[in-house]
**Student:** 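Take this structure, written in structure tokens, and hold onto it; I'll ask about it next.
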Protein chains: 2
Amino acid sequence: MPAISADKGEGCGCVMQYEAIDLEKKIRDASLRPTKQRLALARLLYAEGNRHVTAERLHAEAMEAGVAVSLATIYNNLHQFTAAGLLREVVVDSSRSYFDTNVAPHHHFFHEKSGALEDIPKSALTVDNIPALPAGTEVSSVDVIVRINDTRG
Amino acid sequence: MPAISADKGEGCGCVMQYEAIDLEKKIRDASLRPTKQRLALARLLYAEGNRHVTAERLHAEAMEAGVAVSLATIYNNLHQFTAAGLLREVVVDSSRSYFDTNVAPHHHFFHEKSGALEDIPKSALTVDNIPALPAGTEVSSVDVIVRINDTRG
DNA sequence: TTGCGTATTTGAATTATTATAAAAAATACT
DNA sequence: AGTATTTTTTATAATAATTCAAATACGCAA
Ligand SMILES: [Mn+2]
Ligand SMILES: [Mn+2]
Ligand SMILES: [Zn+2]
Ligand SMILES: [Zn+2]
């Protein structure tokens with residue numbers, strides 16, 4: 001019997017292992033427990049690059065990935081992640097909420113037909129000369145949405 | 001008995017009369033029928049200066065004004081007005097839609113606590129260096145929302 | 001005026017989301 | 001380990017915003 005077990009059939013598991021630890025730490029640092037569901041959602045959200053997802057989409061992906069997770073749990077976790085600064089909500093469509101894994105300040109292209117969002121790095125766009133704010137208020141964020149459509153030729 | 005009646009208690013009524021004709025024309029020009037409900041809503045929306053309203057708020061105002069109109073009718077009319085270019089929808093809150101009587105391009109302050117919107121004239125703010133659009137697309141609109149909160153001292 | 005096609009209104013249904021509350025899972029403590 | 005404490009999940013119900021579709025009102029021709 002070998003000293004190093006591989007009984008989960010995932011090869012040496014090095015990369016998976018590091019990623020798993022990474023996500024588990026991310027969750028623990030947010031004072032949340034790394035449950036099976038939470039880890040699965042974190043994996044879907046953060047495994048590869050930044051993403052913009054709706055609750056419905058994330059739910060569908062979890063199902064596809066064979067993780068049985070209720071829609072209520074999806075909402076709970078999206079909101080908990082958002083409260084912890086691991087996600088931010090992007091308001092572009094009055095009928096659904098989008099959650100963004102890129103929490104650094106930046107802007108968006110919004111493809112009105114498909115509902116897809118695409119990042120515009122903060123440095124790639126200039127917002128200048130914001131007029132004086134109403135008295136007693138301060139800026140919480142400046143959001144630019146460039147709504148786009150297929151060219152009608 | 002005086003020759004000029006004042007039985008509605010609204011003075012000579014000249015201004016009201018002109019305003020009514022104005023709104024009726026606005027509605028007719030949009031190929032819509034100037035129904036009692038539609039005229040009442042138009043009056044609430046356009047009687048004095050630009051406004052930002054939610055369906056719920058407009059409904060409450062109609063009730064207050066003694067016009068019995070269903071919420072469905074409010075939505076129908078807000079959408080019809082929007083389609084006709086008499087209103088535009090502003091997306092700032094993922095849970096409700098705002099409709100703006102100012103259809104010229106401009107931006108907004110959004111007071112997160114109260115839900116109030118305030119115009120920023122287009123000329124008062126510069127959006128520059130928008131990066132290249134995804135291929136085959138064109139800009140439909142550029143929306144800037146400056147989210148503000150009460151200063152926490 | 002009456003009848004007919006279309007526009008409009010509105011009660012009812014649908015959708016996205018949130019709340020509740022009881023069971024299950026994770027952690028803490030011994 | 002075994003047990004207590006807390007967090008999480010999830011079925012289910014509730015809610016709020018919005019949309020649908022049946023019924024009504026309107027505009028116009030005969
Ligand atoms: Mn939310
Ligand atoms: Mn809408
Ligand atoms: Zn983004
Ligand atoms: Zn405005």
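Just so it is clear, the model here is predicted, and its values are computed rather than measured. Residue numbers start from 1 in every chain, and the chains themselves are labelled A, B, ... in the order their sequence lines are given, proteins ahead of strands.
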**Student:** Could you report the tightest heavy-atom contact between A:His106 and A:Ile120, atom names first, then the distance?
**Tutor:** CB-O, 3.4 Å

**Student:** More 5' along DNA chain D: A:Ser31 or B:Ser95, using each one's nearest nucleotide?
**Tutor:** A:Ser31

**Student:** Please tell me which of the listed nucleotides, D:dT9, C:dT17, C:dT10, lies nearest to the side chain of B:Ser70?
**Tutor:** C:dT10

**Student:** Send over the distance from B:Leu32 CG to D:dG27 C1', rounded to a whole Å.
**Tutor:** 15 Å

**Student:** Would you please say whether a donor-acceptor pair under 3.5 Å links the side chains of B:Asp119 and B:His107?
**Tutor:** no

**Student:** Distance check needed: C:dT17 P versus A:Leu71 CG, whole Å only.
**Tutor:** 8 Å

**Student:** Report yes if a donor N or O on one partner sits less than 3.5 Å from an acceptor N or O on the other, where the partners are the side chain of A:Arg38 and the base of D:dT8; otherwise report no.
**Tutor:** no

**Student:** Just how far, in rounded Å, is C1' of C:dA7 from CG of B:Asn77?
**Tutor:** 11 Å

**Student:** Can you identify which nucleotide, out of D:dT8, C:dG5, C:dT10, has its nearest atom closest to the B:Arg33 side chain?
**Tutor:** C:dG5

**Student:** Quick check on DNA chain D: between B:Arg28 and B:Ala55, whose nearest nucleotide comes earlier from the 5' end?
**Tutor:** B:Ala55

**Student:** Have B:Glu89 and B:Ser97 got a donor and an acceptor in their side chains that come within less than 3.5 Å?
**Tutor:** yes

**Student:** Can you tell me how far C1' of D:dT18 sits from CD of B:Glu89, to the nearest Å?
**Tutor:** 11 Å

**Student:** CD of A:Glu56 versus P of C:dT14: gap in Å, rounded?
**Tutor:** 17 Å

**Student:** Is there a donor on the side chain of B:Asn76 or the base of D:dT19 sitting less than 3.5 Å from an acceptor on the other?
**Tutor:** no

**Student:** As a test of understanding, state which of A:Asn77, A:Thr54, A:Leu78 forms a side-chain contact (heavy atoms from CB on, under 4.5 Å) with A:Phe99.
**Tutor:** A:Leu78

**Student:** Closest approach to the side chain of B:Ala72, judged atom by atom: which nucleotide of C:dT27, C:dT9, D:dC20 is it?
**Tutor:** D:dC20

**Student:** Just to confirm, is there a sub-4.0 Å distance from OP1 or OP2 of D:dA17 to any side-chain nitrogen or oxygen of B:His59?
**Tutor:** no

**Student:** So does B:His79 get a side-chain nitrogen or oxygen closer than 4.0 Å to the phosphate oxygens (OP1/OP2) of D:dT18?
**Tutor:** no

**Student:** Take atom CZ of B:Arg96 and atom C1' of C:dT15, then tell me their distance rounded to the nearest Å.
**Tutor:** 17 Å

**Student:** Using whole Å, what does the distance between atom P of nucleotide D:dT18 and atom CG of A:Asp93 come to?
**Tutor:** 11 Å

**Student:** For D:dT10, does either OP1 or OP2 sit under 4.0 Å from a side-chain N or O belonging to A:Gln37?
**Tutor:** yes

**Student:** Using whole Å, what does the distance between atom C1' of nucleotide D:dT8 and atom CZ of A:Phe81 come to?
**Tutor:** 12 Å

**Student:** Is the phosphate of C:dA7 approached by B:Thr35 (side-chain N or O, under 4.0 Å from OP1 or OP2)?
**Tutor:** no

**Student:** How about A:Asn102 and A:His52: does a side-chain donor come under 3.5 Å of a side-chain acceptor?
**Tutor:** no

**Student:** Please pick, from C:dG11, D:dA17, D:dT8, the nucleotide with the shortest atom-to-atom distance to any side-chain atom of B:Tyr75.
**Tutor:** D:dA17

